[in-house]
Number of protein chains: 2
Amino acid sequence: MPGEMQGRLTIQDIARLAGVSKATVSRVLNRNPSVDPVLGERVMRVVQEYNFVPNITATVLAGGRTQLIGVLAPPLNWPAMPEIMRGVAEYLEDSPYEIVLYCIGNQRNHADVLNRILAMRMISGLLAIFPGGLARQLVAHFQQGLPLVMIDDQEEPAGTPWVGIDNLVSAYEATKHLLECGHTRIAHIQGPASYHCAAERYQGYCQALHDASITPDSNLLFHGNFKQSGGCHCASLLFARDRSTWPTAIFISNDEMAYGFLEVAQEQGVSIPEDIAVVGFDDYIISAHTSPPLTTIRQPFTDIGRTAIDLLLTMIDRKNEKQPPKNGRQTSGGAPTQDYFADPPCIQLATTLVQRASSRVLNQQPISSP
Amino acid sequence: MPGEMQGRLTIQDIARLAGVSKATVSRVLNRNPSVDPVLGERVMRVVQEYNFVPNITATVLAGGRTQLIGVLAPPLNWPAMPEIMRGVAEYLEDSPYEIVLYCIGNQRNHADVLNRILAMRMISGLLAIFPGGLARQLVAHFQQGLPLVMIDDQEEPAGTPWVGIDNLVSAYEATKHLLECGHTRIAHIQGPASYHCAAERYQGYCQALHDASITPDSNLLFHGNFKQSGGCHCASLLFARDRSTWPTAIFISNDEMAYGFLEVAQEQGVSIPEDIAVVGFDDYIISAHTSPPLTTIRQPFTDIGRTAIDLLLTMIDRKNEKQPPKNGRQTSGGAPTQDYFADPPCIQLATTLVQRASSRVLNQQPISSP
DNA sequence: TTGTAGGCGTTATCAC
DNA sequence: GTGATAACGCCTACAA
């Protein structure tokens, strides 16, 4: 069996084996159309026979394309990350690109990390997931020509290509669901002010109430932190009130807080959904297993990841096409005028309401909707 | 502010700026002790002022070290992956290494992927997580000198450094817990035969019974597939039997099957733990939220990831030390005799039993253990 | 269409 | 201790 010590060979070896020059081998490898099909066939046969794979470092150094895309991400055990990364990885698996993963915890100097990443000039594009404080810096790099796509729920999308959901509409749907179940006193646990998505979800909640001719009651608005502890806290506050003042339903701005809410409800003997119906937001994997299972807005995280990478690869391709192959140092003075850079797209994917037991008693036959 | 267009500079530029040759800059960057401290200081100042980071591709091409370690992994939404990757990423964050992530789904030709990875000669070591069918091939590469660590529960650890847990002892503890709760008729749902860990867990179960002078009852042994569906299936089989023949407890070989078991139990009105106490294995994140919460063996996934990377980096360092810096083609004929390669370590981390409501009614005061 | 030659940025081997 | 200089493997004008 040939091809054992694969990799030790260089383009030069292949050239000798195929009886051509290394320039030709390079052209074949890069699908340069100017090469004679017959010759190309011969070269490819040798390449395959010996399982030759070009040394990527040499390729990049010589001005070739990287085939490496960077993913800047928070710790992968954040609830949404596994699904997002699944979309990313699945898409990339069918491409010639590989992932360089930069997980940033909370310790190190993030700005430094980012600089190192880019200065190494190893990646040809960057997917930034929940970049937190790095957002501003990323915008700057994007504007300097770095293909970049952002997945974020904290900053308002602006300045860079962005993939996410429509929080307002989604929250509207969540609230509408509770209204349709017959509730009129609907509480809300808000996310922290630093999250743009939290504000949008609150707006959607208010608008749904307005459209049902209900004035939001500020006594039914709670302020959470997007964590389980926040849900516990708000639940305690609520359950400590006189029972006659309780709402009959609550829309909670994310699932994690809902878990806390359900936990405290169970501890204190509050029946869900009989006493209070609950709707969350996100549909993390746990939400199907809570007691009772949580009705929530499903974010299509896998699709978000997939879509973001698709967009990023498109941007990289565009850039490669439009740029003079080499030494094309486009010096200062003019704003780049390419599609994606001039007018960064903002893609919003559809969410879906997932009805489970926390918002109503499930019955076998679907509700007739005339 | 200097250091804006960081990265555009080369070692040559720094050399000019510092008034030395690029050779000296390179030496300074690589902490070569032969350089004059004063000069070194001067160079470093320039490096920092301009935020210079070497072009990694050039470094590698010239025979330097990669600073890139490969992680071969299944889809990241597999239940154990987020925690493992957290350990990996956290550890690597404090090192000069970056992660190249190769997620392999079920579609593509895995062997090809692996060959490409290695032939690109981009990574200086590989962490293989649940490699499935690739295990054999990986052993071969390890034996040819690739620093490699395996995290796997399918094949028996052999031939490569390996990090995991002691399944037999852990299953023994799980079963012992049920025995200590007073159960004597304890069933077991086994994992599939293709998983070495499943066999070990079954052995641990049997041994615990033996040590309690109980003969395992083959009627109480069920065969699962490590998936939720398997748990559902076995639960259905069990609950269809005459109630007088039921066990009072069951040890299920992994949590996913336990979820299915709990689900069917709830559907059919079987009380957990009153009718049947349940203990799982893994402690995935969902297990704390099931109804009732699941007693289970906690695998220290994050520690496993951390430990594996620690081991891998040590191997890489060892290799770099022992090897002549360049052109040290150690040709065939002799087995490598370095520590880790001659005698690959097999590290087993401790598990813990997490007691929740599925195995007994929780009471406030801890059980006194004299 | 194909081959030749120069260069990408760094490391390592020499002399000095 | 320091500075030239030859690799490293590939890409791409340019010449043939």
Side-chain angles (χ1 to χ4, degrees), chain A residues 6-43 47 50 52-68 119-122 124 320 323-329, chain B residues 6-43 47 50 52-68 119-122 124 320 323-329:
Chain A
Q6 81 293 359
R8 271 266 178 257
L9 306 85
T10 74
I11 204 176
Q12 183 69 273
D13 299 319
I14 301 300
R16 194 172 355 94
L17 258 16
V20 298
S21 74
K22 44 181 213 161
T24 299
V25 176
S26 176
R27 284 193 274 264
V28 171
L29 256 21
N30 294 302
R31 290 178 178 63
N32 184 323
S34 77
V35 65
D36 177 23
V38 179
L39 235 189
E41 177 63 22
R42 171 147 52 104
V43 172
V47 166
Y50 288 87
F52 172 74
V53 179
N55 180 322
I56 200 176
T57 59
T59 304
V60 172
L61 189 56
R65 306 306 174 196
T66 319
Q67 312 279 85
L68 244 38
M120 279 194 288
R121 32 209 66 251
M122 214 176 36
S124 50
N320 290 348
Q323 263 187 1
K326 203 172 176 182
N327 280 352
R329 261 215 274 173
Chain B
Q6 80 292 0
R8 270 266 178 258
L9 307 86
T10 74
I11 205 174
Q12 184 69 274
D13 299 318
I14 301 300
R16 194 172 354 94
L17 259 14
V20 298
S21 74
K22 44 180 214 163
T24 299
V25 176
S26 176
R27 287 203 261 296
V28 172
L29 257 21
N30 293 304
R31 289 178 179 62
N32 185 322
S34 76
V35 65
D36 177 22
V38 180
L39 234 189
E41 177 63 22
R42 171 146 52 102
V43 172
V47 166
Y50 288 87
F52 172 74
V53 179
N55 180 322
I56 200 176
T57 59
T59 303
V60 172
L61 188 56
R65 305 305 175 195
T66 319
Q67 313 282 83
L68 246 38
M120 280 194 287
R121 28 210 68 247
M122 213 176 38
S124 50
N320 289 347
Q323 263 187 2
K326 201 173 176 182
N327 279 354
R329 259 215 275 172

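Within every chain, numbering begins at 1; the chains are lettered A, B, ... in the order of the sequence lines, protein sequences first and strands thereafter. Keep in mind that this is a model prediction, so the values were computed, not measured.
Summarising the geometry, the separation between CG on A/Asp13 and C1' on D/dG9 is reported as 10 Å, rounded to the nearest angstrom. Rounded to whole Å, the distance from CZ on B/Arg31 to P on C/dT11 is 12 Å. Protein atom CZ of A/Arg16 is 16 Å distant from nucleotide atom C1' of C/dG3, rounded to whole Å. What separates CG of B/Asn32 from P of D/dG3 is a distance of 13 Å, to the nearest Å. A/Asn30 has its CG atom 12 Å from the P atom of D/dA13, to the nearest Å. As rounded to whole Å, 14 Å separates atom C1' of C/dT11 from atom CD of B/Gln12. Atom pair B/Met122:CE and D/dC10:P shows a separation of 14 Å (rounding to whole Å applied). Residue A/Ile56 contributes atom CD1, which lies 14 Å from atom C1' of D/dC11 at whole-angstrom precision.
At a threshold of 4.5 Å between non-hydrogen side-chain atoms, the residues B/Thr10 and B/Asn55 do not count as touching. Using a 4.5 Å heavy-atom threshold, the side chains of A/Thr59 and A/Gln67 count as separate. For the pair B/Leu29 and B/Phe52, the minimum side-chain heavy-atom distance is below 4.5 Å.
Using a 4.0 Å heavy-atom distance criterion, A/Thr59 is classed as a sugar-phosphate-only contact. At the heavy-atom level, B/Leu39 lies under 4.0 Å from the strands shown only through sugar-phosphate atoms. In this structure, A/Ser26 reaches the bases: a heavy-atom distance under 4.0 Å links it to at least one base atom across the strands shown. If you check every strand for non-hydrogen atoms under 4.0 Å, A/Val60 touches nothing. Within the 4.0 angstrom heavy-atom criterion, no nucleotide atom of any strand lies near A/Leu29.
Ranking C/dA12, D/dT12, C/dG6 by closeness to the A/Lys22 side chain, first place goes to C/dG6. Comparing C/dT4, C/dT10, D/dC11 by their closest approach to the side chain of B/Ile11 singles out C/dT10. Distances from the side chain of A/Leu61 to the nucleotides D/dG9, D/dC10, D/dG3 place D/dG9 closest. Listed candidates were D/dC11, C/dT2, D/dT2. Nearest to the side chain of B/Val35 is D/dT2. Of the candidates D/dC10, D/dA13, C/dT10, D/dA13 carries the atom nearest the A/Arg27 side chain, counting heavy atoms from C-beta on. Side-chain proximity of A/Ser21 to C/dT11, D/dC11, C/dG3: nearest is C/dG3.
In this structure, B/Asp36 and B/Ala58 both approach DNA chain D, and ranking their closest nucleotides by distance from the 5' end singles out B/Asp36.
Going from atom CD1 of A/Ile14 over to atom CD of A/Gln12 covers 10.5 Å, rounded to the nearest 0.5 Å. The CZ atom of A/Arg16 sits 13.0 Å away from the OG atom of A/Ser21 when rounded to the nearest 0.5 Å.
Note that the two end axes of the helix from C/dT1-D/dA16 to C/dC16-D/dG1 enclose an angle of 40°, each drawn from 5 base pairs, rounded to 10 degrees.
Of the options B/Val25, B/Val28, B/Val20, a side chain to side chain contact (heavy atoms under 4.5 Å, CB included) to B/Leu39 is made by B/Val20 and by none of the others.
When all heavy atoms of A/Met122 and B/Ile56 are compared, the closest pair comes out as SD-CG2, 3.4 Å. What you find for A/Arg27 and A/Ser34 is that their closest heavy atoms are CD-OG, 4.2 Å.
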